[in-house]
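To start, the structure under review is shown below, and the notes come after it.
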Amino acid sequence: MTTKLHSLSILEEGPDRSEIIVSVWDDYKCWKCQKKTRVIDWSWWNGEGEMWTENDQIGLKLQQTFPSYKKDYTKSAEADYYCNHCTKCGTVQGDWFMINWVAKERAEGHLPSDVVKLKMD
């Protein structure tokens with residue numbers, strides 16, 4: 001696994017918000033085109049995790065590092081937020097399905113293909 005450090009400036013975050021850990025998964029199957037796509041999930045260094053974010057500073061930094069993680073409108077949430085998109089067809093990947101898939105992968109002992117650390121300024 002590769003560790004990459006990127007700077008990310010977030011104001012008014014406590015010490016538990018000093019670093020984001022991004023898990024990169026290359027084997028997620030897109031619900032629309034059925035091809036394998038890269039998706040990410042991220043957490044703070046303390047383990048609190050998310051698949052998506054409404055925070056533009058975090059979202060933009062993640063998008064710079066992972067272009068298929070971008071802001072989009074979803075009907076199910078009736079909101080705009082940063083989320084995973086298929087790297088092949090561009091379709092939004094459902095967070096609920098991804099959360100379950102990642103949990104299953106981890107439970108079966110599978111690890112992400114890469115882990116990236118984003119340092120907060």
Side-chain angles (χ1 to χ4, degrees):
M1 283 189 210
T2 306
T3 299
K4 300 170 188 153
L5 296 176
H6 300 278
S7 177
L8 181 61
S9 175
I10 300 291
L11 301 174
E12 300 179 29
E13 296 293 353
D16 64 335
R17 306 288 185 184
S18 63
E19 185 174 70
I20 293 177
I21 310 299
V22 182
S23 297
V24 181
W25 301 87
D26 287 324
D27 294 332
Y28 188 76
K29 188 172 156 183
C30 174
W31 67 268
K32 187 168 186 178
C33 73
Q34 304 298 306
K35 294 181 181 171
K36 298 227 177 186
T37 184
R38 171 178 278 190
V39 295
I40 65 167
D41 69 291
W42 65 275
S43 64
W44 298 105
W45 71 271
N46 67 3
E48 291 178 31
E50 297 185 29
M51 286 285 184
W52 56 273
T53 185
E54 293 177 356
N55 182 307
D56 284 327
Q57 285 185 293
I58 295 170
L60 286 171
K61 182 62 177 181
L62 288 168
Q63 184 177 345
Q64 285 178 333
T65 308
F66 305 98
S68 61
Y69 189 85
K70 55 190 173 185
K71 197 171 199 175
D72 208 341
Y73 178 83
T74 65
K75 287 185 205 177
S76 59
E78 296 182 345
D80 287 299
Y81 61 91
Y82 291 87
C83 54
N84 286 282
H85 291 68
C86 178
T87 57
K88 309 298 188 292
C89 71
T91 302
V92 172
Q93 300 302 296
D95 296 329
W96 173 255
F97 298 104
M98 285 183 45
I99 290 167
N100 288 327
W101 182 83
V102 167
K104 181 181 174 202
E105 290 294 298
R106 289 188 187 274
E108 292 176 356
H110 301 158
L111 298 173
S113 58
D114 200 3
V115 174
V116 177
K117 294 181 181 180
L118 301 175
K119 284 282 195 189
M120 310 299 264
D121 285 342

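All values below come from the heavy atoms of this structure, side chains included, with hydrogens, waters and symmetry mates left out.
- Using a 4.0 Å cut-off between charged nitrogen and carboxylate oxygen, Lys71 and Asp56 count as a salt-bridge pair.
- Take Thr91 and apply the side chain to side chain contact (heavy atoms under 4.5 Å, CB included) test, not counting sequence neighbours, and it matches Trp31, Lys32, Cys89, Gln93.
- Not counting sequence neighbours, the partners of Ile99 by the side chain to side chain contact (heavy atoms under 4.5 Å, CB included) test are Met51.
- In this structure, the side chain of Thr53 does not engage the main chain of Ile58 through any donor-acceptor pair within 3.5 Å.
- A distance of 8.0 Å separates NZ of Lys29 from NZ of Lys36, quoted to the nearest 0.5 Å.
- To the nearest 0.5 Å, atoms CG (Leu62) and SG (Cys83) are separated by 12.0 Å.
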*asked:* I'd like to know whether Tyr81 forms a side-chain hydrogen bond (donor to acceptor under 3.5 Å, both in side chains) with Asp95, so could you lay out the CA-CA distance, the side-chain angles of the two residues, the decisive distance to 0.1 Å, and finally the verdict.
replied: CA-CA 11 Å; Tyr81 61 91; Asp95 296 329; 3.1 Å; yes

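- Annotation: side chain of Ile20 is in contact with side chain of Trp44 (closest heavy-atom distance under 4.5 Å).
- Judged as a side chain to side chain contact (heavy atoms under 4.5 Å, CB included), and not counting sequence neighbours, the contacts of Gln63 are Leu60, Lys70, Tyr82.
- Counting only residues at least two apart or on different chains, no salt bridge (Lys or Arg N to Asp or Glu O under 4.0 Å) pair has a member in residues 78-88.
- A search for ring-ring contact (aromatic ring centres under 6.0 Å, His included) contacts involving Trp101 returns Trp25, Tyr28, not counting sequence neighbours.
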*Can you list the steps and then say if Val24 with Val115 is a side-chain contact (heavy atoms from CB on, under 4.5 Å)?*
CA-CA 6 Å; Val24 181; Val115 174; over 6 Å; no

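- The distance from the CG atom of Asp26 to the CZ atom of Arg38 is 4.5 Å, given to the nearest 0.5 Å.
- Residues Val92 and Tyr73 form no side-chain contact, since every pair of their non-hydrogen atoms from C-beta on lies 4.5 Å or further apart.
- Between Cys86 and Cys33 the shortest side-chain heavy-atom distance falls below 4.5 Å.
- Using modelled atom types, one side-chain atom of Thr37 and one backbone atom of Thr87 make a donor-acceptor pair closer than 3.5 Å.
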*asked:* Apply side-chain contact (heavy atoms from CB on, under 4.5 Å) to residues Ser23 and Arg106 and explain how you reach the verdict.
replied: CA-CA 11 Å; Ser23 297; Arg106 289 188 187 274; 3.0 Å; yes

*For Val39 and Tyr69, what are the C-alpha separation, side-chain angles and deciding distance, and is it a side-chain contact (heavy atoms from CB on, under 4.5 Å)?*
CA-CA 8 Å; Val39 295; Tyr69 189 85; over 6 Å; no

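- Asp72 is listed as a side-chain neighbour of His85, based on a closest heavy-atom distance under 4.5 Å.
- Atom CD1 in Ile40 sits 11.5 Å away from atom CG in Asp114 (nearest 0.5 Å).
- By the side chain to side chain contact (heavy atoms under 4.5 Å, CB included) test, Glu108 is found to be paired with Lys104, Glu105, His110, residues two or more places apart in sequence or in another chain being considered.
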